[in-house]
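Have a look at the structure below before the remarks.
Chain letters run A, B, ... following the sequence lines, proteins first, then strands; residues in each count from 1.
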Amino acid sequence: MSDVPSVPTDFIRQIINEDLKTGKFGGRVHTRFPPEPNGYLHIGHAKSICLNFGIAQQYPGGLCNLRFDDTNPSKEEVEYVDSIKEDIHWLGFDWEGREFYASDYFDQLYDWAVQMIRAGQAYVCDLSAEETREYRGTLTEPGRNSPWRDRPVEENLDLFERMRAGEFADGSRTLRAKIDMASPNLNLRDPVMYRILRATHHRTGDRWCIYPMYDFTHGQSDSIERITHSICTLEFENHRPLYDWYVEALGIYHPQQIEFARLNLTYTVMSKRMLLELVRAGHVVGWNDPRMPTISGLRRRGYTPEAIRSFCAKIGVAKQDSTIDIQLLEHCLREDLNRRATRVMAVLRPLKVVIENYPEDRVEEMDAVNNPEDPAAGTRKVPFSRELWIERDDFMENPPKKYFRLSPGSEVRLRYGYFVTCTGVVKDPKSGEVVELRCTYDPATRGGDNPPDGRKVKGTIHWVSAAHAVRAEVRLYDHLFTKEDPGDVPKGGHFTDHLNPNSLEVLTDCRLEPSLAASKLGDLLQFERQGYFCVDPDSTPDRPVFNRTVTLKDSWAKIQKKG
RNA sequence: UGGGGAAUAGUGUAACGGCAGCACGACUGACUCUGGAUCAGUUAGUCAAGGUUCAAAUCCUUGUUCCCCAGCCA
């Protein structure tokens with residue numbers, strides 16, 4: 001992965017370096033990426049993936065497991081595990097067959113629970129969910145011991161066995177760790193280890209009707225897999241004492257949990273709950289809608305794994321809550337696409353141009369550079385003829401100062417074509433709308449070259465020969481939300497209040513240069529002067545559909561904005 | 001009002017007692033057959049107040065602000 005800039009030594013890598021020095025884990029480095037299969041991966045997960053797999057790649061002998069944290073069958077589905085695996089691979093990482101599931105450890109976890117009961121460290125509690133909450137106390141007041149806290153070991157053993165056997169109703173009992181109901185850390189107030197839950201698990205089916213909680217699962221799973229550094233996000237910091245407590249109580253290998261700040265992006269929501277809602281409410285077409293921050297959405301939008309990896313390397317890893325400007329992501333995208341995308345000409349909002357002094361039946365094949373950043377990409381032929389399409393925006397009847405494109409009487413370069421001068425404007429007699437431009441061309445400027453008389457022109461515009469044009473649909477995207485922080489809503493408000501009504505614009509009458517008829521899924525394209533585009537899977541042979549991945553930087557737009 | 005964390009240019013992130021650096025953004029200018037790219041430059045920062053020290057973003061004290069925790073979610 002030489003295309004990704006070398007990553008700085010963040011605080012996690014410093015810890016690892018230190019552990020390597022002291023021999024804490026015998027010189028091993030073994031991480032894991034532990035998604036819950038209850039949704040699609042998003043760019044925030046990419047940060048974690050790049051961190052965990054990146055560390056494994058960077059250290060000699062380093063390994064990174066993929067482990068699905070599937071302890072809540074009511075929310076988890078195989079569709080999600082499949083998408084997660086696909087997305088990690090697409091990002092460029094591999095778990096080399098170490099694909100594990102927390103559910104693989106259900107038997108071991110059960111045995112450990114029994115071991116804790118025997119040791120007097122766990123008990124079956126008959127409190128209801130509501131009662132449990134009441135007994136827990138509050139942030140400032142200690143909780144009270146459950147009346148079931150001091151049941152004899154034998155009774156606990158019997159009850160727990162019967163919980164497993166399905167003798168009790170969902171939610172009627174739990175297995176709890178006996179820790180400290182007065183702990184200032186609520187996670188240590190006799191946390192639930194097992195709950196009764198009748199739901200079909202995507203892997204274990206109906207074999208279990210009790211499922212372990214995250215806290216009773218994660219550290220032990222790490223321990224079983226001999227993970228050295230268990231990297232997770234900040235909200236689990238309060239859980240670390242419990243993580244440590246369980247592995248110590250069980251007397252098993254003890255990995256080190258380390259927390260870092262999750263990724264936030266401007267104009268984006270990142271919580272799976274909100275993303276799920278966008279999908280379910282139909283605000284987007286699915287998890288892979290090109291406006292979604294999901295990996296599959298970014299992929300369909302035309303993002304490259306290289307761009308995402310580069311982004312993850314640039315944002316750094318720290319413990320400070322932060323929100324990254326989405327422009328940095330777009331910068332990384334443009335940086336990658338600029339050096340890789342094939343340049344083509346495409347007219348999105350067509351305006352007809354007739355070159356009056358160009359012969360009716362003549363067609364010339366003009367040479368066009370495929371990628372000025374990559375000479376090896378070569379050139380292609382683009383047909384030029386008397387009738388062309390140009391961009392409506394590239395003509396103004398009454399242009400402001402500093403407008404370098406076409407206007408009555410002005411001259412521009414048609415890229416790789418000829419210099420043309422606008423000699424006339426045809427309007428719809430009723431609406432007054434400009435429907436056609438009449439121009440003349442200068443034969444001495446063939447290929448777009450400057451003429452021998454030394455005449456120069458400020459503007460160069462793109463064009464497509466009308467007779468040869470490929471028609472296509474083009475989808476233009478903008479931020480899904482109009483607010484930098486869509487989650488920042490006044491009371492009574494909802495994050496969807498800030499949905500951008502213009503996040504998708506569909507153009508159905510676009511005219512593309514003929515080479516685009518051969519474009520296929522995965523092609524990286526730049527429509528010159530407009531942006532980077534990719535082929536959408538909705539494309540059909542007679543109806544290609546393109547997505548705008550990101551615009552080019554547009555200094556003209558800035559000039560306009562300034563007035 | 002309990003506990004756990006975090007505070008460095010607009011946004012991120014380095015500096016680990018010794019010149020506050022980098023990236024993105026913004027703004028100039030140069031160049032250009034993409035108003036792209038590229039190049040050159042400008043802009044702007046240590047939460048506050050004390051203290052220790054020849055020297056503090058860094059150590060100490062006090063305060064302020066923000067985030068997380070009261071799921072039988074992860």
Side-chain angles (χ1 to χ4, degrees), chain A residues 5 8-10 14 34-36 38 69-72 74-76 125 127-129 132-134 136-143 170-176 183-189 191-197 210-211 213-215 217-218 232-241 259 261 266 272-273 314-332 334-335 338-339 343 345 368-369 372-373 402-405 413-417 419 445 447-450 456-462 526-531 551-559:
Chain A
T9 306
D10 53 72
Q14 285 182 26
E36 183 189 11
N38 68 343
D69 229 321
D70 55 350
T71 57
N72 185 356
S74 65
K75 291 184 177 171
E76 296 150 6
C125 179
L127 254 25
S128 69
T132 304
R133 193 182 327 122
E134 286 164 7
R136 185 154 35 228
T138 68
L139 293 179
T140 52
E141 303 156 17
D170 283 12
S172 62
R173 284 179 227 260
T174 55
L175 181 72
R176 295 227 255 162
S183 171
N185 182 340
L186 305 219
N187 293 125
L188 297 178
R189 318 244 261 228
V192 171
M193 295 162 60
Y194 269 91
R195 75 283 215 184
I196 303 173
L197 174 61
I210 58 171
Y211 291 93
M213 300 290 290
Y214 165 85
D215 286 308
T217 306
H218 203 90
C232 62
T233 43
L234 248 29
E235 66 270 26
F236 291 101
E237 208 156 17
N238 293 327
H239 293 246
R240 181 160 21 105
E259 311 83 13
T266 56
K272 280 202 231 176
R273 194 201 93 229
K314 280 189 170 80
I315 58 178
V317 178
K319 292 195 71 159
Q320 156 176 199
D321 289 304
S322 62
T323 302
I324 309 282
D325 191 332
I326 188 115
Q327 288 185 101
L328 178 58
L329 214 211
E330 294 176 345
H331 162 80
C332 295
R334 291 191 183 102
E335 185 178 52
N338 174 53
R339 61 173 184 251
R343 271 63 169 177
M345 293 197 284
V369 174
E373 306 294 321
K402 290 192 182 168
Y403 183 82
F404 303 147
R405 289 112 92 160
R413 170 189 290 111
L414 294 178
R415 177 144 234 227
Y416 304 126
F419 280 26
T445 57
D449 291 342
N450 287 324
K456 287 201 172 173
V457 103
K458 283 286 253 188
T460 298
I461 66 174
H462 60 276
Q526 183 195 101
F527 291 0
E528 293 221 20
R529 302 207 303 133
Q530 312 202 80
T551 61
L552 249 26
K553 282 210 278 185
D554 187 354
S555 51
W556 169 241
K558 272 182 196 169
I559 294 170

Query - Aromatic ring pairing A/Tyr214/A/His239, orientation class (parallel under 30°, perpendicular over 60°, tilted between) - result: perpendicular
Query - Residues in side-chain contact (heavy atoms from CB on, under 4.5 Å) contact with A/Asn38, at least two apart in sequence or another chain - result: A/Glu36, A/Lys75, A/Glu76, A/Lys272
Requested in this report: Apply side-chain hydrogen bond (donor to acceptor under 3.5 Å, both in side chains) to A/Arg405 and list each qualifying residue two or more places apart in sequence or on a separate chain.
Outcome: A/Asp394
Query - For A/Glu235, all residues meeting side-chain contact (heavy atoms from CB on, under 4.5 Å), sequence neighbours excluded - result: A/Thr233, A/Arg262
Requested in this report: Tell me, please, which residues at least two apart from A/Pro241 pass side-chain contact (heavy atoms from CB on, under 4.5 Å).
Outcome: A/Asn185, A/Leu188
Grab the N/O contacts between the protein and nucleotides 44-46 of chain B below 3.5 Å, and write none if there aren't any.
none

Query raised in the report: Within the pair A/Lys553 and B/U34, is there a side-chain N or O less than 4.0 Å away from OP1 or OP2?
Result: no
Report summary line: Residues passing the salt bridge (Lys or Arg N to Asp or Glu O under 4.0 Å) test with A/Glu335, sequence neighbours excluded, are A/Lys314
Query raised in the report: Heavy atoms, side chains only, cut-off 4.5 Å: are A/Asn450 and A/Phe419 in contact?
Result: yes
Between the protein and nucleotides 72-74 of chain B, which nitrogen or oxygen pairs come in under 3.5 angstrom?
{"unit_1": "B/C72", "atom_1": "OP1", "unit_2": "A/Arg136", "atom_2": "NH2", "d": "3.2"}
{"unit_1": "B/C72", "atom_1": "OP2", "unit_2": "A/Arg136", "atom_2": "NH1", "d": "3.1"}
{"unit_1": "B/C72", "atom_1": "N3", "unit_2": "A/Gly171", "atom_2": "O", "d": "3.1"}
{"unit_1": "B/C72", "atom_1": "N4", "unit_2": "A/Leu127", "atom_2": "O", "d": "2.6"}
{"unit_1": "B/C72", "atom_1": "N4", "unit_2": "A/Ala129", "atom_2": "N", "d": "3.0"}
{"unit_1": "B/C72", "atom_1": "N4", "unit_2": "A/Gly171", "atom_2": "O", "d": "3.1"}
{"unit_1": "B/C73", "atom_1": "OP2", "unit_2": "A/Arg195", "atom_2": "NE", "d": "3.0"}
{"unit_1": "B/C73", "atom_1": "OP2", "unit_2": "A/Arg195", "atom_2": "NH2", "d": "2.9"}
{"unit_1": "B/C73", "atom_1": "O3'", "unit_2": "A/Arg195", "atom_2": "NH2", "d": "3.2"}
{"unit_1": "B/C73", "atom_1": "O2'", "unit_2": "A/Asn72", "atom_2": "ND2", "d": "2.9"}
{"unit_1": "B/A74", "atom_1": "OP1", "unit_2": "A/Thr71", "atom_2": "OG1", "d": "2.6"}
{"unit_1": "B/A74", "atom_1": "OP1", "unit_2": "A/Arg195", "atom_2": "NH1", "d": "3.3"}
{"unit_1": "B/A74", "atom_1": "OP1", "unit_2": "A/Arg195", "atom_2": "NH2", "d": "3.0"}
{"unit_1": "B/A74", "atom_1": "OP2", "unit_2": "A/Tyr214", "atom_2": "N", "d": "3.0"}
{"unit_1": "B/A74", "atom_1": "N6", "unit_2": "A/His239", "atom_2": "NE2", "d": "3.1"}

**Report entry** Qualifying residues under side-chain hydrogen bond (donor to acceptor under 3.5 Å, both in side chains), relative to A/Ser172, sequence neighbours excluded
**Finding:** none
Report summary line: Pairing string of RNA chain B (Watson-Crick or G-U wobble, both atom distances under 3.5 Å; | = paired to other strand) is .((((((..((((....[..))))((((((.......))))))...(((((..]....))))))))))).....
Query - base_contact_polar (B/G35 base, A/Arg405 side chain, donor-acceptor, <3.5 Å) - result: yes
Query raised in the report: Who passes side-chain contact (heavy atoms from CB on, under 4.5 Å) against A/Asn338, sequence neighbours left out?
Result: A/Arg343, A/Glu373, A/Tyr532
Query raised in the report: A/Lys558 near the nucleic acid: base, sugar-phosphate alone, or nothing, with a heavy-atom cut-off under 4.0 Å?
Result: sugar-phosphate
Requested in this report: Only counting residues at least two apart or in another chain, list the ones meeting ring-ring contact (aromatic ring centres under 6.0 Å, His included) with A/Phe527.
Outcome: A/Phe533, A/Phe546
Pairs under 3.5 Å (N/O, protein and nucleotides 5-8 of chain B):
{"unit_1": "B/G5", "atom_1": "O2'", "unit_2": "A/Glu237", "atom_2": "OE1", "d": "3.2"}
{"unit_1": "B/U8", "atom_1": "OP2", "unit_2": "A/Gln320", "atom_2": "OE1", "d": "2.4"}

